[in-house]
Amino acid sequence: MSDTNASAEKTGAEKTGAEKTGAEKAGAEKASTSRQNRIGDVILRADNITMRFGGVKALDDISFDVRQGEVRSIIGPNGAGKSSMLNVINGFYQPQEGSIWYKGTSYSPMRPHIAASNGIARTFQNIALFKGMSTLDNIMTGRILKQKATLLEQAFYIGRGKSEEIEHRHYVEQIIDFLEIQAVRKVPVGRLPYGLQKRVELGRALAAEPTVLLLDEPMAGMNLEEKEDMSRFIIDVNEHFGTTITLIEHDMGVVMDLSDRVVVLDYGSKLADGTPDEVRNNQAVIDAYLGVAHD
Amino acid sequence: MEAFAAIFGIPPFELWFFFEVLIGGLMSGVMYALVALGFVLIFKASSVFNFSQGVMVLFAALNFVGFIELGLPAWASFILTMGVMILLAVTIERVVLRPLVNQPHISLFMATIGIAIFLEGFGELIWGSNIKPLNVGIPDDVVFMGDAMIQQADLFAAAVASVLVLVLALFFHYTRIGRALRAVADDHQAALSVGIPLNQIWIIVWSVAGFVALVAGIMWGSKLGVQFSLAILALKALPVLILGGFTSIPGAIIGGLIIGAGEKLAEVYVGSFFGGAIEEWFAYIVAMAFLAFRPQGLFGEKIIERV
Amino acid sequence: MFYREAGQFKTSYAGDQQMLPIPLDRAFVIAIAAIAIFVVPVIGSQYWLESILLPVMILSIAALGLNILTGYCGQLSLGTGGFMAAGAYMSYKVATNMPEFLPVWIPIIVGGLFAAMIGIVFGLPSLRIKGFYLAVATLAAQFFLLWMFQKIPWFVNDSISGVPSAPPETILGFYVTGPNASPEAKYLFVLAFVIILAILARNMARSRIGRSWMAIRDMDIAAELIGIRPLKTKLSAFAISSFYCGIAGALWSFCYISTVEPTAFDIDRSFQVLFMVIVGGLGSVLGAFLGAIFIFLLPIFLNNVPAWFGLELATDVVSHIELMVFGAAIIFFLIVEPHGLARLWQITKEKMRLWPFPH
């Protein structure tokens with residue numbers, strides 16, 4: 001979380017094919033082996049999900065799994081059904097067929113409050129922050145499920161009403177430090193620039209102490225520096241908290257460097273599923289999507 | 001009718017009475033629909049819920065009657081009042097709509113409440129607040145269908161409303177301006193980017209709504225006299241809108257008919273159980289019950305929310 | 001230069017989370033409260049206490065309530081009058097049928113709780129309907145409730161007139177309700193409610209429940225997706241808001257007009273309180289008070305202005321002009337400062353911070 005780690009962990013976007021010093025290479029290898037050790041059993045699974053909107057099939061019999069502690073990417077051309085897939089995992093969309101298996105229980109369908117109270121948190125493609133509230137308050141809403149004070153305790157600001165506010169404020173401030181957004185903690189988020197809003201949204205998701213974090217295009221609309229920062233945060237979250245990450249992203253450099261495994265969707269169907277290298281060399285994927293590699 | 005009654009074992013007079021209440025309710029439903037039409041027009045074209053539509057009915061009627069009392073013939077008053085309504089539309093567009101163009105819909109809604117209050121005061125300041133009778137030669141007699149008594153004025157209003165709806169529906173679907181109006185309702189920014197002049201569109205729509213308000217005002221005013229209670233009619237149009245959907249012209253008509261008929265029938269047949277005067281809230285409860293099953297109304301557009 | 005926000009650093013979260021973290025703010029509010037409690041009853045004339053301060057304070061409570069529902073939780077409500085009526089009628093019923101020794105605030109609280117239950121019932125549609133549709137549903141509540149309380153004689157103990165006068169109740173030997181009570185007593189009684197309810201509102205707004213209200217208001221889908229239960233949150237807003245309105249209604253009947261009368265709670269009242277909340281500023285406790293003062297005093301002010309200029313105008317002309325000014329004021333506020341008087345006050349404070357420097 002501190003700055004000394006930042007330089008060593010600037011993997012991701014920056015190092016696509018560029019020279020690596022010996023120490024960095026060793027560091028990267030060490031990181032990858034320790035990462036392999038961190039990846040556990042399957043924690044989340046989509047089983048034969050089919051999702052239709054009227055006549056359009058957004059998802060067609062999709063199945064894949066996610067292992068604990070890994071970074072799993074979902075990629076594919078626009079309209080492939082990636083966001084719909086996340087929405088199904090989250091419980092926002094109810095698929096016509098199929099179920100979501102999570103931590104031992106199969107849900108058909110999953111419901112938002114079940115997902116939220118069992119440790120699934122997410123960010124959104126178009127930023128779903130509460131524009132009328134400050135950064136601090138937005139991230140505090142992420143702690144809502146952990147707050148137990150009764151109405152009277154809150155109204156009179158006594159007992160748990162008071163102690164919970166302070167205790168959770170403490171935790172939220174740690175997240176604010178981690179994401180380096182201290183300066184804007186009291187600013188209404190509607191006034192923040194796009195990149196900062198994305199960070200605040202990540203903070204809100206982190207505040208829930210999630211087991212699984214779903215990120216929907218976290219780097220959309222960002223410049224190179226912002227992408228580096230965001231990659232750093234994602235890796236830190238994954239390595240320090242052990243959070244399982246499922247992310248949708250278009251920047252191939254980011255995806256290939258950050259991910260442990262990748263799922264490729266196209267027109268609602270699964271094209272490929274495997275490590276970044278396997279996917280990169282899959283002919284069907286190349287035909288449908290990658291074409292000429294570009295940075 | 002007698003044969004029909006015989007099958008059900010109901011005395012024919014009862015059936016005629018039911019028929020009469022039903023027709024009466026349908027007629028008043030048509031009147032509600034006229035007011036609701038104005039709402040729908042403005043909402044369709046600008047997503048603004050114009051709370052002042054009812055007061056516009058009153059305002060239009062006040063001007064119309066006022067001009068007649070000054071000695072002008074009916075057709076001249078009509079044209080002059082139409083001019084006033086267009087002027088009103090221009091003023092509203094410039095003073096209220098333009099400054100509030102990017103605000104959330106709730107702000108625009110509250111602004112229309114402000115317009116309603118302002119117009120009420122303004123209209124009564126100029127023309128006075130006592131009840132004015134209105135007589136433009138609408139046939140006043142009753143007609144008998146069998147044993148059911150039907151007001152000729154109501155029939156006339158129904159005919160007028162039907163013509164109006166037809167004209168408006170054609171206008172929306174087949175003319176260039178109508179298409180532009182629908183584009184604006186869909187997405188302001190997109191409409192702007194293809195060169196549709198938002199301001200002009202709004203002036204047109206509010207003028208058309210003003211026209212509808214004037215027609216409604218004349219119909220209602222002939223029946224009840226031009227007085228403040230016309231404005232409260234607007235509140236009755238709201239359940240109509242709920243039933244029909246906020247964006248549908250046929251919905252406003254059908255919703256109006258259902259509410260009008262339902263209200264009268266309920267008052268006559270069920271009202272005594274509740275101690276009477278259930279007309280005050282019956283329409284609303286019906287609308288609410290409807291909302292439970294179809295939140296967007298009979299013909300309204302379903303809103304799909306995307307994340 | 002007087003007013004300093006800079007340099008006020010807190011060393012603990014508890015300090016930062018105080019209701020009024022800036023010392024000057026705190027001193028100011030305490031001073032106002034002290035003046036309200038100790039000075040005003042002594043120097044205030046009967047007219048001011050009974051006809052100005054009393055109704056403004058009671059309407060502030062209603063405005064606080066509507067602010068919770070519409071300002072914090074974003075559910076537009078036109079049924080405020082109906083909820084006030086619920087409080088008034090139930091309070092009356094309890095007050096006139098309870099044993100003598102029970103204190104007067106019991107029926108008022110019970111009235112509030114009854115109103116809260118009614119609020120929950122009429123808030124149920126909010127699960128499926130939003131925005132204007134919900135506003136129309138609250139209109140249904142307004143008309144239905146008012147009709148119901150007039151039709152069911154049980155509430156007014158089957159009184160013949162249907163409009164009974166408020167029961168005289170005492171605290172510590174002083175009459176605080178009904179026609180016998182002194183203006184000072186009524187004023188202090190209502191003031192106690194105002195202070196307590198305002199503090200509670202402020203606390204709720206900055207706690208978990210306030211944040212969940214605002215989350216629902218800002219983006220209810222996202223709120224649901226992070227685990228906030230929409231129906232439960234909206235119903236809590238309806239319930240608490242109606243509780244406030246119920247208490248306001250009870251106090252209105254008991255202390256201000258001294259009768260239990262349905263016309264005091266009609267649709268005009270609902271609109272009046274809505275305007276208070278808009279003009280004062282949605283989502284602001286201070287705004288509820290500023291709005292109540294402004295909206296209540298404006299007609300009185302307008303009534304007296306022609307006299308100051310020596311103009312003789314007929315009363316109906318004056319009332320028409322009042323309407324015009326009122327409508328124009330609403331539009332003006334919405335355009336110029338959609339966040340209302342509370343935001344204007346905030347801007348003034350920020351300017352005071354720099355005064356006499358321009359920037």
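Note that the structure is a prediction, hence the values are computed from the model and not measured. Chain letters run A, B, ... following the sequence lines, proteins first, then strands; residues in each count from 1.
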Here the pair of heavy atoms bringing B/L125 nearest to C/M324 is CD2-SD, 3.8 Å

So which part of [X] gets closer than 4.5 Å to some heavy atom of chain C, the side chain, the backbone, both or neither?
| X | result |
| --- | --- |
| B/A111 | both |
| B/L119 | neither |
| B/I115 | both |
| B/F282 | neither |

Under 4.5 Å heavy-atom distance to chain B, tell me which part of [X] shows up: side chain, backbone, both or neither.
| X | value |
| --- | --- |
| C/I330 | side chain |
| C/I335 | both |
| C/F332 | neither |
| C/F271 | side chain |

Given the options B/I113, B/L108, B/I285, B/V96, which has more heavy-atom pairs under 4.5 Å with chain C than any of the others?
B/I113

Closest-packed option against chain C by number of heavy-atom pairs under 4.5 Å, given B/S107, B/G121, B/G123
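Most pairs with chain C among the choices: B/G121.
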
Nearest 0.5 angstrom please: C/I331 CD1 to B/M110 CE, how far?
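If we round to the nearest 0.5 Å, C/I331:CD1 and B/M110:CE are 13.0 Å apart.
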
Roughly how far apart are B/F122 CZ and C/I321 CD1, rounded to 0.5 Å?
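B/F122 atom CZ to C/I321 atom CD1 measures 11.5 Å (nearest 0.5 Å).
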
Residue C/R229 excluded, over 12 heavy atoms near CZ under 6.0 Å:
no

B/R98 atom CZ, over 12 foreign heavy atoms within 6.0 Å
yes

Is there a side chain to side chain contact (heavy atoms under 4.5 Å, CB included) between B/F109 and C/L334? Walk through the geometry before answering.
CA-CA 10 Å; B/F109 169 66; C/L334 285 167; over 6 Å; no

Mind telling me whether C/F144 and B/W281 have parallel, tilted or perpendicular rings, with 30° and 60° as the class edges?
perpendicular

May I ask you to test the C/L323-B/F118 pair for a side-chain heavy-atom distance under 4.5 Å?
no

